[in-house]
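Below is one structure, written out as structure tokens; the observations come after it.
Below, read A as the first sequence line, B as the second, and so on, with proteins coming before strands; counting in each chain starts at 1.
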2 protein chains.
Amino acid sequence: MPSENVELRKAGLKVTLPRIKILQMLESTADTAEHLSAEDVYQRLRDSGEDVGLATVYRVLTQFETAGLVVRHNFETGHSVFELSSDDHHDHMVDVESNEVLEFFDEIIEKRQHEIAAEHGYEIIDHYLVLYVRKKD
Amino acid sequence: MPSENVELRKAGLKVTLPRIKILQMLESTADTAEHLSAEDVYQRLRDSGEDVGLATVYRVLTQFETAGLVVRHNFETGHSVFELSSDDHHDHMVDVESNEVLEFFDEIIEKRQHEIAAEHGYEIIDHYLVLYVRKKD
DNA sequence: TTGGTTGCAAACAATTTGCATAAAT
DNA sequence: ATTTATGCAAATTGTTTGCAACCAA
């Protein structure tokens, strides 16, 4: 039995074709750091012959988010994008011209964040860093 | 003549009542780290007896953004929030228990961000960093 | 006067929801 | 058989636009 099914069961969701397909779609882009919108997922599924509704894609992605399976980002693009949640943390760089999303991780920044919080008597629970960038000419 | 009028003139915008009121509204919240949505601005203006349209608020805020008077953020919730642009940049630290917002600025992080972008062939247009924190005990 | 500006209503885009049908357990 | 999920269409939310009336220069 494919591992997707286990993930779904653990999340308390019935194992249905749309959910499996959507999960696979996200997994297939996990390595390329490609961030898909609901519309993207919908189009790609239809292109590969699946008969799903856009509403279902939205519903399922939201359920996945609630279950902690995916993370939803609301970058400055006007629509949400989704990525499979992974345990290794990273930040994002958004190319405002192409809407491409790159991931990065920087020790120095991570360390400074903790130092800054500590200086104010706080500890960091979570953080969110996005760089909006443009190709240098 | 109030200074708002000069700002508007410089931006090539006629000095009208809605524009003055909206600008004042933003100025009144400039010291607190409060970010207002278009709807917020609209409601507050109506509450203080002004007869403006929501569409006007959107239009004026967009004009202010184009003129560089305000900055529009599209984070978290899916609706935009606006703040007067100030020349001194800062990031935010949110106390998740009290919901308090602190502002901070860190040279080291700023510098690293530019280096990271440059390493990938990009230049930074904007960035967004929020630390979610809790009081250390 | 006259061209920019407004408020309203209608148009839009992204996302959500109601409901009758269909599929999973 | 029962419960949950689906697809569709209609509803909602946040935002933009067309237009006739209006106001600052």
| query | Got a sec, which residues hit salt bridge (charged side-chain N to carboxylate O under 4.0 Å, His left out) with D106(A), two or more places apart in sequence or on another chain? | reply | R112(B)

| request: Take the protein atom CD of Q63(A) and the nucleotide atom C1' of dT4(D), then report the distance between them rounded to whole Å. | output: 10 Å

| task | Take the protein atom CG of N5(A) and the nucleotide atom P of dA5(D), then report the distance between them rounded to whole Å. | result | 15 Å

| field | salt bridge (charged side-chain N to carboxylate O under 4.0 Å, His left out) involving R134(B) - partner list, sequence neighbours excluded | value | E123(A), E97(B)

| request: Find the distance I20(B):CD1 to dC23(D):P and express it as a whole number of Å. | output: 15 Å

With the criterion being N/O to N/O and under 3.5 Å, what pairs connect the protein with nucleotides 15-19 of chain D, and how long is each?
residue : atom : partner : partner atom : Å
dT15(D) : OP1  : S80(B)  : N            : 2.6
dT15(D) : OP1  : S80(B)  : OG           : 3.1
dT15(D) : OP2  : Y58(B)  : OH           : 2.5
dT15(D) : O5'  : Y58(B)  : OH           : 3.2
dG18(D) : O6   : R59(B)  : NH1          : 3.2

| field | R19(B) and its side chain to side chain donor-acceptor pair (under 3.5 Å) partner, picked from Q63(B), E7(B), Q24(B) | value | Q63(B)

| message | I need the NZ-P distance between K14(B) and dT2(C), as an integer number of Å. | response | 13 Å

| query | What integer distance in Å separates L13(B):CG from dG3(C):P? | reply | 18 Å

| task | Mark yes or no for whether S37(A), through its side chain, and V81(A), through its backbone, hold a donor-acceptor pair below 3.5 Å. | result | no

| task | From the options K21(B), E39(B), M25(B), select the one residue that forms a side-chain contact (heavy atoms from CB on, under 4.5 Å) with R44(B). | result | M25(B)

| request: Specify the separation, in whole Å, of atom CG of L61(B) and atom P of dT6(C). | output: 11 Å

| message | As a quick check of understanding, evaluate salt bridge (charged side-chain N to carboxylate O under 4.0 Å, His left out) for K111(A) and E107(A), giving each step before the final call. | response | CA-CA 6 Å; K111(A) 186 159 148 265; E107(A) 294 279 8; over 6 Å; no

| message | Can you see if the side chain of R19(B) gets near the phosphate of dA24(D) - specifically, an N or O under 4.0 Å from OP1 or OP2? | response | no

| said: Would you say T16(B) places a side-chain N or O within less than 4.0 Å of OP1 or OP2 belonging to dC23(D)? | reply: no

| Whole Å only: how far is the CZ atom of R9(B) from the C1' atom of dG4(C)? | 14 Å

| task | Please report, rounded to the nearest Å, how far the P atom of dT6(C) is from the CG atom of L17(B). | result | 10 Å

